[in-house]
Asks: 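Have a look at the structure that comes next, please.
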Amino acid sequence: MKGLKIYNTLSGAKENFEPIHKDMVGMYVCGPTLYSEPHMGNMRTFINFDLVYRYLLHIGYNVKYVRNITDAGHITNSAGQQEDSIGKAARLEALQPLEIVYKYNVRFQNLQKIYNLLPPTIEPTATGHIQEQIEIIEKIIANGFAYEVNGSVYFDVQTYKASYNYGALSGRKVEELENETRELNAQGEKRFFADFALWKKANENDMQIWRSPWGNGNPGWHIECTAMSTKYLGETFDIHGGGLDLKFPHHEDEIAQSCGSSGKSPAKFWMHANMLNVNGKKMSKSLGNFFLPQEIVEGTTDLFDKAYSPNVLRFFMMQSHYRSTLDLTQEALNASEKGLSRLTEALESLENISVSEKSTFDIESIVREFYAAMNDDFNAPILIAALFDGVKKINLIRDGKASISQKDKTLLLTEMQNFVLDVLGLTLEGGQKDNRLKPVMALVLELRQQARSNKDWGTSDLIRDGLKNAGITVKDGKDSTSWK
RNA sequence: GGUCUCGUGGCCGAGUGGCUUAGGCACCGGUCUGCAAAACCGGUUACAGCGGUUCGAAUCCGCUCGAGACCUCCA
């Protein structure tokens with residue numbers, strides 16, 4: 001019992017978290033569909049679950065973290081766009097689906113490094129698990145919850161509904177689902193409008209086709225997650241996560257598939273990360289209001305007039321709770337940039353702070369706040385507030401207005417580093433100064449100090465302005481001058 | 001149309017019955033400083049509206065207005 005509470009979408013309440021197997025946690029998170037570049041909104045979900053992963057590790061769990069890569073079923077043509085006849089003719093330019101996936105996966109993996117995401121234990125692909133998907137479909141059919149029509153297999157929601165609660169996760173009732181006329185040629189094959197495809201018969205245009213007991217085709221939209229989570233984590237595991245937009249139908253259908261095949265609900269805890277908004281609206285490809293994680297780091301997006309480090313983006317996201325929507329604005333990013341800088345600088349100065357006999361503050365209670373915040377459903381904003389409480393104390397001690405004992409200093413330093421670096425996944429950018437630059441700067445600042453001693457303000461300011469143009473800020477302290 | 005969520009001070013954003021100065025940024029005042037910046041200290045501004053429950057509500061209930069999500073691939 002580590003005191004962690006997690007909001008479970010299944011129950012709609014925070015519940016005490018106890019893993020199925022002592023000290024072991026199995027976590028599955030729905031990953032990206034790599035038919036195009038992941039945007040910042042996609043990244044928010046992965047960053048939030050990275051926080052979950054990091055905190056679970058920090059409090060001592062052995063975590064198996066599975067996050068899939070969808071590379072089948074959704075990709076119909078080149079780059080997911082309308083294919084023109086000329087492009088089709090040019091064989092060299094026509095990309096195979098897996099070429100597209102590979103291309104964007106390389107970028108996605110790079111983004112994970114840039115944004116300091118810990119790699120999952122495994123990132124399995126849908127195409128690598130076709131056999132497993134087929135086997136689960138066979139089980140579902142054998143249990144009477146699916147039927148085959150014309151080389152396609154559909155999940156039988158009405159039959160399922162008689163034994164299980166379809167809508168357990170999303171709270172939806174089948175009767176209330178919109179029964180709209182959808183322009184799907186398969187619509188006529190379904191016994192019931194809410195039935196969903198487990199296996200689809202191949203079309204002539206399909207670029208990905210596999211053999212199955214029902215003929216050539218490709219897997220349905222939801223079965224891959226059931227197959228891969230079952231394979232790597234078992235029929236029942238601890239946490240299933242994903243974006244809020246996947247709650248229905250994707251996650252609801254995963255539950256149906258698991259119950260329909262193994263008779264067991266897949267996950268004890270369902271966690272949903274909320275959306276990233278731009279001007280109050282969900283960032284999405286279809287709305288076109290998205291930007292790429294790479295663009296914002298490089299400052300090449302039109303939405304902002306400057307570049308921000310991935311560290312700032314991460315910190316910005318950590319300042320809101322994962323279950324809340326978050327509105328991205330330039331002003332908010334600027335606020336995060338400054339706040340983060342104050343936090344990391346305090347952390348650096350803590351290392352060099354001098355100690356006294358006694359502490360003015362109750363350091364242990366501050367540290368307890370860190371854990372209390374994260375134990376309360378990963379409340380990172382509260383954690384950050386507590387960290388800034390530490391910042392304020394550190395600055396007071398540094399200015400000689402308060403004191404800290406060696407023991408407390410070690411405690412505070414260790415825990416603040418733990419939470420800032422390991423849990424929040426931030427990095428100390430200020431600490432990456434070029435070693436060759438250090439002596440040069442020391443020399444330059446020495447010359448400037450001499451000028452200042454001689455009241456030669458012209459030379460002093462010339463140096464200061466020149467350094468500023470070079471991107472180096474000179475900070476005149478009480479006794480010494482520093483730079484960054 | 002159906003289901004659901006949200007509306008907090010200039011901005012972002014926690015908080016779900018009384019005690020949080022939440023926090024960050026901005027702003028104002030002060031300290032420091034050759035000046036400036038940076039640092040530091042202190043301070044102002046709030047709970048969409050109306051009604052109800054309660055000794056007491058930003059927090060519970062109802063209504064109104066507004067925003068958004070899902071119902072179709074979607075993090």
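Just the heavy atoms: all of them, side chains too, but no hydrogens, waters or symmetry mates, feed the values below. The chains referred to below are lettered A, B, ... by the order of the sequence lines, with proteins before strands, and numbering in each begins at 1.
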Asks: What's the gap between B/G68 and B/C32 when it is taken at their C1' atoms, as a whole Å value?
Replies: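 Nearest-Å result for B/G68 against B/C32 at atom C1': 48 Å.
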Asks: Is A/K455 touching bases, backbone alone, or none of the nucleic acid, heavy atoms closer than 4.0 Å?
Replies: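 No contact at all - A/K455 keeps every heavy atom at 4.0 Å or more from the nucleic acid.
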Asks: Verify whether one side chain among A/Y115 and A/D50 offers a donor that lies under 3.5 Å from an acceptor in the other.
Replies: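 No.
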Asks: In whole Å, measure the gap between the P atoms of B/U53 and B/U59 for me.
Replies: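 Their P atoms lie roughly 15 Å apart.
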Asks: Classify the nucleic acid contact of A/A385 as base, sugar-phosphate or nothing, counting any heavy atom under 4.0 Å across all strands shown.
Replies: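 Answer is base: heavy atoms of A/A385 come under 4.0 Å of a base.
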Asks: Distance between the P atoms of B/C60 and B/C19, in whole angstroms?
Replies: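 The same atom, P, in both gives a distance of 15 Å.
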Asks: Does A/K393 make a cation-pi contact with A/F388, if we ask for NZ or CZ under 6.0 Å from the ring centre and within 45° of the axis?
Replies: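 No, A/K393 does not lie over the aromatic ring of A/F388.
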Asks: Classify the side chain of A/D476 versus the base of B/A36 as yes if they form a donor-acceptor pair under 3.5 Å and no if they do not.
Replies: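 Yes, the side chain and the base share a sub-3.5 Å donor-acceptor pair.
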Asks: Does B/C28 have a Watson-Crick or wobble partner in any strand here, with both distances under 3.5 angstrom, and which is it?
Replies: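 Here B/C28 is engaged in a pair, and the nucleotide opposite it is B/G42.
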Asks: If you measure from the C1' atom in B/U8 to the same atom in B/U20, how many Å do you get, rounded?
Replies: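 It comes out at 14 Å once rounded to the nearest Å.
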Asks: Side chains of A/N8 and A/S11: do they bring a donor and an acceptor to under 3.5 Å?
Replies: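 Not at all, the side chains of A/N8 and A/S11 share no donor-acceptor pair under 3.5 Å.
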Asks: Counting the atoms with a prime plus P, OP1 and OP2 as sugar-phosphate, which does A/M43 contact under 4.0 Å by heavy atoms, base, sugar-phosphate, or nothing?
Replies: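 Since no nucleic acid heavy atom lies under 4.0 Å of A/M43, the category is nothing.
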Asks: On the nucleotide B/A38, are OP1 or OP2 found under 4.0 Å from the side-chain N or O atoms that A/R342 carries?
Replies: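 So the side-chain polar atoms of A/R342 never come under 4.0 Å of the phosphate oxygens OP1 or OP2 of B/A38.
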Asks: Counting Watson-Crick and G-U wobble pairs only, both distances under 3.5 Å, name the nucleotide matched with B/A67, or none.
Replies: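 Check on B/A67: paired to B/U5, both distances under 3.5 Å.
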Asks: Once you round it to whole Å, what is the distance between C1' of B/C41 and CD1 of A/I394?
Replies: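 Whole-Å distance recorded here is 17 Å.
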Asks: Would you state whether a donor and an acceptor, one from the side chain of A/S324 and one from the base of B/G13, lie under 3.5 Å apart?
Replies: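 Flag unset: no donor-acceptor pair detected.
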Asks: Output the rounded distance in Å from CG (A/D327) to C1' (B/G7).
Replies: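 It works out to 13 Å between those atoms.
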Asks: Take the protein atom CZ of A/R398 and the nucleotide atom C1' of B/A38, then report the distance between them rounded to whole Å.
Replies: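 In whole Å, B/A38 C1' and A/R398 CZ are 10 Å from each other.
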Asks: Per the salt bridge (Lys or Arg N to Asp or Glu O under 4.0 Å) rule, which among A/K103, A/R107, A/K285 passes with A/E37?
Replies: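 Of A/K103, A/R107, A/K285, salt bridge (Lys or Arg N to Asp or Glu O under 4.0 Å) with A/E37 is met by A/R107 alone.
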Asks: Toward the 5' end of RNA chain B, which comes first, A/L287 or A/P32, by nearest nucleotide?
Replies: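 In this pair, the answer is A/L287.
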Asks: Would you say that more than 12 heavy atoms from the other residues, nucleotides or ligands in this model lie under 6.0 Å from the CG of A/N279, or not?
Replies: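 Atom CG in A/N279 is not crowded, with 12 or fewer foreign heavy atoms closer than 6.0 Å.
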Asks: From the set B/U33, B/G13, B/A39, return the single nucleotide nearest to any side-chain atom of A/S320.
Replies: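 Among the listed nucleotides, the one closest to the side chain of A/S320 is B/G13.
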Asks: Would you mind classifying the nucleic acid contact of A/K285 as base, sugar-phosphate or nothing, using non-hydrogen atoms under 4.0 angstrom?
Replies: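 Since no nucleic acid heavy atom lies under 4.0 Å of A/K285, the category is nothing.
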Asks: On a whole-Å scale, what distance lies between the C1' atoms belonging to B/G49 and B/C12?
Replies: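 Rounded to whole Å, the distance is 24 Å.
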Asks: Quantified in whole Å, what is the C1' atom distance between nucleotide B/U21 and nucleotide B/C47?
Replies: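 Going atom to atom, C1' in each nucleotide, I get 16 Å.
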Asks: Taking the side chain as everything from C-beta on, heavy atoms only, tell me whether A/L326 gets closer than 4.5 Å to A/N274.
Replies: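 The answer is no, as the side chains (C-beta and beyond) never meet within the 4.5 Å cut-off.
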Asks: Give one of base, sugar-phosphate or nothing for A/G242, where a contact means two heavy atoms less than 4.0 Å apart.
Replies: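 Sugar-phosphate contact only - A/G242 comes under 4.0 Å of backbone atoms but never of a base.
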Asks: Let's test your reading of the model: under 3.5 Å, does the base of B/G34 pair with the side chain of A/D461 as donor and acceptor?
Replies: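 Flag set: donor-acceptor pair detected.
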Asks: Taking atom P in both B/C65 and B/G23, what distance in whole Å separates the two?
Replies: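 To the nearest whole Å, 36 Å.
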Asks: Check this one for me: any side-chain N or O of A/N379 less than 4.0 Å away from OP1 or OP2 of B/A14?
Replies: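 Answer no for this pair, as no side-chain N or O of A/N379 is under 4.0 Å from OP1 or OP2.
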Asks: Mind calculating the distance between CZ (A/F46) and P (B/A75) to the nearest angstrom?
Replies: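 After rounding, the reported distance stands at 7 Å.
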Asks: Would you indicate what A/H39 reaches in the nucleic acid, counting non-hydrogen atoms under 4.0 angstrom: base, sugar-phosphate, or nothing?
Replies: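 Base contact.
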Asks: Scan A/D399 against the nucleic acid and name what it touches under 4.0 Å (heavy atoms): base, sugar-phosphate only, or nothing.
Replies: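 Sugar-phosphate contact only - A/D399 comes under 4.0 Å of backbone atoms but never of a base.
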Asks: With a cut-off of less than 4.0 Å, is there a side-chain N or O of A/K392 near OP1 or OP2 of B/G42?
Replies: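 A/K392 to B/G42 OP1/OP2: side-chain N or O found under 4.0 Å.
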Asks: Separation of A/L383 atom CG from B/G15 atom P, in whole Å?
Replies: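 Taking atom P of B/G15 as the reference, CG of A/L383 is at 13 Å.
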Asks: Let's test your reading of the model: under 3.5 Å, does the base of B/C70 pair with the side chain of A/R172 as donor and acceptor?
Replies: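 Side chain to base: pair found, below 3.5 Å.
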Asks: For the side chain of A/R464, counting heavy atoms from C-beta on, which of B/G34, B/C25, B/G13 is nearest?
Replies: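 Side chain of A/R464 sits closest to B/G34.
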Asks: For the residue pair A/D71 / A/Y102, report whether a side-chain donor-acceptor contact shorter than 3.5 Å exists.
Replies: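 Their side chains do not contain a donor-acceptor pair, so the 3.5 Å distance test is not met.
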Asks: If you look at every strand shown and take non-hydrogen atoms under 4.0 Å, does A/T473 touch a base, only sugar-phosphate, or nothing?
Replies: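 Answer is nothing: A/T473 stays at 4.0 Å or more from every strand.
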Asks: Taking any strand in view, what nucleotide pairs with B/U33 in a Watson-Crick or G-U wobble way, both distances under 3.5 Å?
Replies: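 Paired with no nucleotide.
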Asks: Quick one: label A/K468 by what it contacts on the DNA or RNA (base, sugar-phosphate, nothing), any heavy atom closer than 4.0 Å.
Replies: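 Answer is nothing: A/K468 stays at 4.0 Å or more from every strand.
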Asks: Establish, from distance only, whether the side-chain atoms of A/E254 and A/H250 form a donor-acceptor pair under 3.5 Å.
Replies: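 Distance-only check passes for A/E254 and A/H250.
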Asks: Take atom NZ of A/K475 and atom P of B/C40, then tell me their distance rounded to the nearest Å.
Replies: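 Between P of B/C40 and NZ of A/K475: 9 Å.
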Asks: Is A/W457 stacked on the base of B/G34 when the test is centres under 5.5 angstrom and planes under 30 degrees?
Replies: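 A/W457 ring centre within cut-off of B/G34 base, planes near parallel; stacks.
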Asks: Starting from C1' on B/U31, measure out to CG on A/N395 and report it in whole angstrom.
Replies: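 Distance, rounded to whole Å: 14 Å.
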Asks: Over all strands shown, is A/F49 touching base, sugar-phosphate only, or nothing at heavy-atom distances under 4.0 angstrom?
Replies: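 Nothing, no nucleic acid heavy atom in range.
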Asks: Quick one: is the NZ or CZ of A/R67 closer than 6.0 Å to the six-membered ring centre of A/F49, and within 45° of its axis?
Replies: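 The answer is no; the distance or angle limit is not met.
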Asks: Strictly by modelled atom types, are A/T325 and A/D327 linked by a side-chain donor-acceptor pair under 3.5 Å?
Replies: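 Side-chain D/A pair, A/T325 to A/D327: absent.
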Asks: Under 4.0 Å, counting only non-hydrogen atoms across every strand here, what does A/L396 touch: a base, just sugar-phosphate, or nothing?
Replies: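 Counting heavy atoms under 4.0 Å across all strands, the contact made by A/L396 is with sugar-phosphate only.
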Asks: Is the base of B/A39 syn or anti, if syn means a glycosidic angle within 90° of 0?
Replies: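 It is syn.
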Asks: For the side chain of A/K338, starting at C-beta, report the closest nucleotide among B/C25, B/A75, B/A22.
Replies: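 Selected nucleotide: B/C25.
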Asks: Does any nucleotide pair with B/U54 by Watson-Crick or G-U wobble geometry, both distances under 3.5 Å, and what is it?
Replies: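 Pairing partner: none.
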Asks: Base, sugar-phosphate alone, or nothing: which one does A/L244 contact when heavy atoms must sit under 4.0 Å apart?
Replies: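 The answer is nothing, as A/L244 stays clear of every strand by at least 4.0 Å.
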Asks: Expressed as a whole number of angstroms, how long is the span from A/K200:NZ to B/U72:C1'?
Replies: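 Checked: the NZ to C1' distance equals 12 Å.
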Asks: Nearest-nucleotide wise, let me know which of A/P249 and A/A386 is further upstream toward the 5' end of RNA chain B.
Replies: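 Whichever sits nearer the 5' end wins; that is A/A386.
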Asks: Please state whether the phosphate of B/C71, meaning OP1 or OP2, lies under 4.0 angstrom from any side-chain nitrogen or oxygen of A/K247.
Replies: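 A/K247 to B/C71 OP1/OP2: no side-chain N or O under 4.0 Å.
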Asks: Between B/A38 and B/U33, how far apart are the two C1' atoms, rounded to whole Å?
Replies: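 Between the two C1' atoms, the distance is 11 Å.
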